[in-house]
Amino acid sequence: MLDLKTIRENPEAVRNRLRRRGGDFDELNELLQPEEDRRLGLQESERLKNKKKQLSAQVGKLKQQGQDAAELMEEVRAINVSIKELDEKIRDCEQRVHEKLLGIPNLPDDSVGDGADESANRWVRDWGAKPEFSFTPKNHAEIGERLDLIDFKRAAKISGARFVVYKGQGAGLLRALINFMIDVQTRENGYQELYPPFLVNKESMQGTGQLPKFEEELFATRDDPFYLIPTAEVPVTNFHRDEVLDDESLPICYAACTPCFRREAGSYGKDTQGLIRQHQFDKVELVRFSRPEESAAELEVLVEDAAAILKKLNLHYRVMELCAGDLGFAAAKTYDLEVWLPSQNVYREISSCTDFADYQARRMRIRCKKRGGGKPKFIHTLNGSGLAAGRLFVALLENYQQQDGTVIIPEALRPYMHGQKVLKL
RNA sequence: GGAGAGGUGGCCGAGCGGUUGAAGGCGCACGCCUGGAAAGCGUGUGUAGGCUUACCCCUACCGAGGGUUCGAAUCCCUCCCUCUCCGCCA
């Protein structure tokens, strides 16, 4: 959520910054009139309330002295009618303003480049090298099915398209990856592990920005007011909703592994094969609550924390900085980590690390305060995948495959696989 | 699911129709005292909004939303949450 005062005082400047995302953002102006009405109404209402207060105090005094106060009482009754009317109007305006506000995306950070879509994203750096194969590398689905690690057919029977069953060594590998990632983030990178609910309420979805605009992308429960989380970002960031944090305690860093549930409405035909795009997948999410002035530096730390996993597994990747037009709704600045997939000769997103600035904090009312006093300020929130387990599974099979169809288990992962060195039938 | 108890400022805890934004205590900040520190003493210490945008001032907020009343933290209704006991259950 953007700061209403800033919009009010300089709507054109805000609008120009928003336009970098693409689109005209007329809705910004639709909010100004009800906001003006609200303020005028509020002033009048407060004036009347002040008068009412004074008259009521007089009534009290008169009554104590045993005098008649009927006239004053009648006057207050009349004022009350006006107040009620005004307050209803104010609340109406307020609600309209708030609704509009929730639908306006975050401002891109000034450092973010222009561009309409991912083709304009900026290459930042890469790490490692593409593996070389003396044969044509197979795609992960084929490798996985041949080794009996994953079963799409039965998953389709049980649930439907875009689901998978991990089986035997495959299930073990997935669990190993998750434990490995959580251990690295908690033991080496300073995150505290959280294991949150997978069902959350509407307020939480609104806090991080999934609602009200992206309801069609969420699974919801039929008889209860819950949504399935599309990422651990939702429960973990909302962990501190409506709190004032001690400035000294920042940054607060959490890592959480949860399943993520996404309807993938509108991506029919996209990545229909394999594990890349599923309705349910596991992901280790990293969340950082930062002092407002430190989030730019925090974002760099976050990216490296996520990248640490790829480095330890010796997987080639590149870092891309998203252009303004490719930014997510709540994002101010985002780096994607893209891992190399040899079967398709492409880099594929495996982590998305975002600085939301104060946008989510404003929606969730998360602030921080210095110990010596001073006004509470909205903190900045950041999060990034560290990493998506399903896609990491994909990268591992593809990059470590051998000609005979087996897959080497990278050194760093072997302790989590009871010393196993190779995946084979 | 049934029965009961309760939700007040950073925390503890009073208040149960009329200057109560809210006693008292703890904590915290500043000052005094001291060679220094503790103790002690004094002062201050919520948030949001409005207006000025410097201070002042004004309004709202005692879980949330309604209602009664000239006036509600205090009375009534609805909802939410927490705790205890019983039942059921991984």
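Scope of the values below: all heavy atoms of this structure, side chains included, with no hydrogens, waters or symmetry mates. All of these numbers come straight from a predicted model, not from anything done at the bench. Per chain, numbering begins at 1; letters A, B, ... match sequence-line order.
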Worksheet item: Whole-Å distance between G65(B) P and Gln95(A) CD?
Response: 13 Å
Item to complete: Check every strand shown and say whether Arg39(A) touches a base, only sugar-phosphate, or nothing at a heavy-atom separation below 4.0 Å.
Response: sugar-phosphate
Fill in: Rounded distance in Å between the P positions of C77(B) and C89(B)
36 Å
Worksheet item: Say you pick atom P in G15(B) and the same atom in U74(B); how far apart are they, in whole Å?
Response: 14 Å
Fill in: Residue matched to C55(B) through Watson-Crick or wobble contacts both under 3.5 angstrom
none
Worksheet item: Between G66(B) and Arg91(A), is there an OP1 or OP2 to side-chain N/O distance shorter than 4.0 Å?
Response: yes
Worksheet item: Under 4.0 Å between a side-chain N or O of Asn80(A) and OP1 or OP2 of G71(B)?
Response: yes
Worksheet entry | Base-pairing assignment for A39(B) (Watson-Crick or G-U wobble, both under 3.5 Å) | none
Worksheet item: Just by modelled atom types, is the His140(A) backbone N or O under 3.5 Å from a matching donor or acceptor in the Glu398(A) side chain?
Response: yes
Discussion item. When both hydrogen-bonding distances must be under 3.5 Å and the geometry is Watson-Crick or G-U wobble, what is C83(B) paired with, if anything?
Written reply: G4(B)
Worksheet item: Leu55(A) or Lys84(A): which one's nearest nucleotide on RNA chain B is closer to the 5' end?
Response: Lys84(A)
Worksheet item: Could you state the CG-C1' distance from Asp242(A) to G63(B), rounded to the nearest angstrom?
Response: 12 Å
Worksheet item: Between Phe219(A) and Tyr227(A), does the ring centre distance come in under 6.0 Å?
Response: no
Item to complete: Look at the side chain of Arg96(A) and the backbone N and O of Arg91(A), then say whether any donor-acceptor pair between them is shorter than 3.5 Å.
Response: no
Fill in: Among C51(B), G49(B), U69(B), the one nearest Arg77(A) by side-chain distance
U69(B)
Worksheet item: With a 6.0 Å cut-off on ring centres, are His279(A) and Phe261(A) close enough?
Response: no
Discussion item. Measure NZ/Lys52(A) against C1'/C58(B) and give the value in whole Å, please.
Written reply: 16 Å
Discussion item. Need one value for Val59(A): base, sugar-phosphate or nothing, where a base atom within 4.0 Å counts as base even if backbone is also close, heavy atoms only.
Written reply: base
Practice prompt. Taking atom types as modelled, find out whether Thr6(A) and Asp3(A) have a side-chain donor-acceptor pair closer than 3.5 angstrom.
Written response: yes
Discussion item. Side chain of Lys49(A) only, heavy atoms from C-beta on: which candidate in U59(B), G67(B), C70(B) is closest?
Written reply: U59(B)
Worksheet item: Just how far, in rounded Å, is C1' of U52(B) from NZ of Lys5(A)?
Response: 10 Å
Fill in: side-chain N/O Arg367(A) vs A48(B) OP1/OP2, d < 4.0 Å
yes
Worksheet item: Would you say a side-chain N or O of Lys369(A) is under 4.0 Å from OP1 or OP2 of U47(B)?
Response: yes
Item to complete: Considering only atom C1', compute the distance from C88(B) to U20(B) and round it to an integer number of Å.
Response: 47 Å
Discussion item. Does U59(B) have its OP1 or OP2 closer than 4.0 Å to a side-chain nitrogen or oxygen of Asn50(A)?
Written reply: yes
Practice prompt. Counting heavy atoms from C-beta on, name the nucleotide in U47(B), U59(B), C70(B) closest to the side chain of Pro376(A).
Written response: U47(B)
Discussion item. Could you tell me how far G24(B) sits from C30(B) if I compare only their P atoms? Round to whole Å.
Written reply: 23 Å
Fill in: Leu4(A) CG to A48(B) P, straight-line distance once rounded to whole Å
15 Å
Worksheet entry | Options U47(B), G18(B), G49(B), nucleotide nearest the side-chain atoms of Arg38(A) | G49(B)
Worksheet item: Mind checking the C1' distance from A22(B) to G17(B)? Whole angstroms is fine.
Response: 15 Å
Worksheet entry | Pairwise C1' distance for C12(B) and C51(B), with rounding to whole Å | 37 Å
Worksheet item: Leu48(A) CG to U59(B) C1': how many Å, rounded?
Response: 12 Å
Discussion item. Distance check needed: C28(B) P versus Asp246(A) CG, whole Å only.
Written reply: 13 Å
Worksheet item: Taking the C1' atom of each, how far is A73(B) from C55(B), in whole Å?
Response: 31 Å
Worksheet item: Less than 6.0 Å separating the ring centroids of Tyr254(A) and Tyr191(A)?
Response: no
Fill in: Minimal non-hydrogen separation, Leu32(A) against Arg8(A), with atom names
CD2-CA, 4.2 Å
Fill in: Lys311(A), NZ atom: more than 12 neighbouring heavy atoms under 6.0 Å
yes
Worksheet item: Taking a pair as Watson-Crick or G-U wobble with both distances under 3.5 Å, which nucleotide is matched to G46(B)?
Response: C61(B)
Practice prompt. Once you apply the 3.5 Å cut-off to both distances, tell me the Watson-Crick or G-U wobble partner of C26(B), or none.
Written response: G10(B)
Discussion item. Applying the Watson-Crick and G-U wobble criteria at under 3.5 Å, what pairs with U34(B)? Answer none if nothing qualifies.
Written reply: none
Practice prompt. Look at Lys53(A) and A60(B) and indicate whether a side-chain polar atom (N or O) is within less than 4.0 Å of OP1 or OP2.
Written response: yes
Worksheet entry | Residue-phosphate contact under 4.0 Å: Gln43(A) side-chain N/O, C51(B) OP1/OP2 | yes
Fill in: d(CD, Glu248(A); C1', A29(B)) in whole Å
14 Å
Worksheet item: Closest to the Arg8(A) side chain: U59(B), C70(B), G50(B)?
Response: G50(B)
Worksheet item: Across all strands shown, which nucleotide pairs with U20(B) by Watson-Crick or G-U wobble geometry, both distances under 3.5 Å?
Response: none
Worksheet item: How far, in whole Å, is A64(B) from G7(B) if one measures between their C1' atoms?
Response: 12 Å
Discussion item. Could you identify the nucleotide paired to A72(B), looking across every strand shown and requiring Watson-Crick or G-U wobble geometry with both distances under 3.5 Å?
Written reply: none
